[in-house]
2 protein chains.
Amino acid sequence: MRHAASEHSADVGHQRETHTSWDTELVPGPQGRTHRPEADCPVEVALTAVSGRWTTLLLRELMGGPRGFTELRKLLPELSAKVLSDRLRALQERGLVEVERQRAFPVRTRYALTGAGQALRPLLVELYATGEALLRLAGHGGGSPPAP
Amino acid sequence: MRHAASEHSADVGHQRETHTSWDTELVPGPQGRTHRPEADCPVEVALTAVSGRWTTLLLRELMGGPRGFTELRKLLPELSAKVLSDRLRALQERGLVEVERQRAFPVRTRYALTGAGQALRPLLVELYATGEALLRLAGHGGGSPPAP
DNA sequence: CGGAATCCTATCGGATACTG
DNA sequence: CAGTATCCGATAGGATTCCG
């Protein structure tokens, strides 16, 4: 992924009346210039992919390779079977996870990330980095934007 | 439960044990990874910051500079006053937005991102990039991760 | 202009129990 | 082992109405 999300924090001070119609870095294309939450907006797509309690933890486990149902339950003991089942189904419906079943005995099921699922990795890393930044900035004055 | 990665170095992943099976870039965490969703986990912090319908669109508007209440309603016409009020309050409580009021007539109120709020910009960019990637990958499945 | 107060419904997520 | 089936309380968020 070639997005330069990591090193551009310098020019954020462009806060006043914008002479351009919109921020081309933040909103690269017309798809991003929506006036309401649309399911096909890239931001919504990404947000939907990681939405729901336990989802990011589940994705983290699957990033380590294919896992079975009970294996996942052991890795996340406080996650109920119902919710795990819900999450896995949602991830499959969104094409982020695929399942291989062996109907022989004992029944073996493996959940694995698809290519799309693996594409979520940079987002998880960015979520962690941003969360750390927020924790650092919280408390000692938010720091105001430049005064008019 | 502090994370060792709170000492934010340039590289995202660095941890004490190097023989572990999990991904050190993905999980920079210390003695062990969290096994449940905790409010102080950086990923949860970041996710909470952008959670809720309309929130990312609202943040996008505020990235362009301070805005008034009705101004925001015009920019996002389908966002109800109640939800806008809810969002702005939540953002204030999390230290992401601050408000300046002029009680003179007419009442003028401006909502502006704090430093912490501006720190969300890379995350929004990454959400957009990841969403685009997912839209490209959607449909034609994907490869499985390497089996253990 | 800039909100707060209510009300109302859909969905979420946890607990529990049962099945192939 | 790998799930499904129900039930249920708690929010989320939209519509509407009213206020300084």
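All figures in this text were calculated on a predicted structure; none of them were measured in a lab. Here is the naming used below: chain letters follow the sequence lines, and residue numbers restart at 1 for every chain.
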**Student:** Looking at B/L113, B/L58, B/T114, which one forms a side-chain contact (heavy atoms from CB on, under 4.5 Å) with B/V97?
**Tutor:**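 Single side-chain contact (heavy atoms from CB on, under 4.5 Å) partner of B/V97 among B/L113, B/L58, B/T114: B/L113.
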**Student:** Say whether, by atom type as modelled, one donor and one acceptor occur between the side chain of B/R60 and the main chain of A/T34 under 3.5 angstrom.
**Tutor:**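 Present.
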**Student:** For A/L79, does its backbone N or O pair with a side-chain atom of A/R73 as donor and acceptor, under 3.5 Å?
**Tutor:**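 Yes.
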**Student:** Contact boundaries of DNA chain C with chain A (under 4.0 Å, heavy atoms), 5' to 3'?
**Tutor:**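 So the outermost contacting nucleotides come out as C/dG13 to C/dA15.
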**Student:** Working to the nearest 0.5 Å, report the span between OG1 of B/T70 and CZ of B/R108.
**Tutor:**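 Output value for this atom pair is 8.0 Å.
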**Student:** Is any side-chain N or O of A/S85 closer than 4.0 Å to OP1 or OP2 of D/dG3?
**Tutor:**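 No, A/S85 has no side-chain N/O under 4.0 Å of OP1/OP2 on D/dG3.
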**Student:** Got a second to check how far B/Y111's OH is from B/R87's CZ, nearest 0.5 Å?
**Tutor:**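 Going from OH on B/Y111 over to CZ on B/R87, the span is 14.0 Å.
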**Student:** Check whether any side-chain N or O of A/R89 sits under 4.0 Å from OP1 or OP2 of D/dG3, and answer yes or no.
**Tutor:**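 No.
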**Student:** Nearest 0.5 Å, what's the CD-CZ distance between A/E98 and A/R110?
**Tutor:**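 Between A/E98 CD and A/R110 CZ, I get 12.5 Å after rounding to 0.5 Å.
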**Student:** Salt bridge check: are B/R36 and A/E78 linked by an N-O gap of less than 4.0 Å?
**Tutor:**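 A/E78 and B/R36: salt-bridged.
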**Student:** Give me the atom names and distance for the closest heavy-atom approach of B/L59 to B/A49.
**Tutor:**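 Heavy atoms of B/L59 and B/A49 come nearest at CD1-O, 4.4 Å.
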**Student:** Is there a donor-acceptor pair closer than 3.5 Å between any side-chain N or O of A/S51 and the backbone N or O of A/T48?
**Tutor:**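 Answer holds: yes.
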**Student:** Touch check for A/R101, heavy atoms < 4.0 angstrom, all strands: base, sugar-phosphate only, or nothing?
**Tutor:**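 The answer is sugar-phosphate, as A/R101 gets under 4.0 Å only of primed atoms, P, OP1 or OP2.
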**Student:** Take the C1' atoms of the five end pairs on each side of the helix from C/dC1-D/dG20 to C/dG20-D/dC1, derive the two axes, and give their angle rounded to 10 degrees.
**Tutor:**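 Axis-to-axis angle, ends of the helix: 40°.
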**Student:** With the sugar-phosphate defined as primed atoms, P, OP1 and OP2, and the base as all remaining atoms, what B/S/- string results for nucleotides 11-20 of chain D, 5' to 3', for protein heavy atoms under 4.0 Å?
**Tutor:** --BBB-----
**Student:** Is there a donor-acceptor pair under 3.5 Å between the side chain of B/R53 and the backbone N or O of B/V83?
**Tutor:**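 Checking the backbone N and O of B/V83 against the side chain of B/R53, no donor-acceptor pair under 3.5 Å is found.
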**Student:** For A/R108 and D/dA2, what is the distance between atoms CZ and C1' respectively, to the nearest whole Å?
**Tutor:**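 Rounded to the whole Å, the gap is 10 Å.
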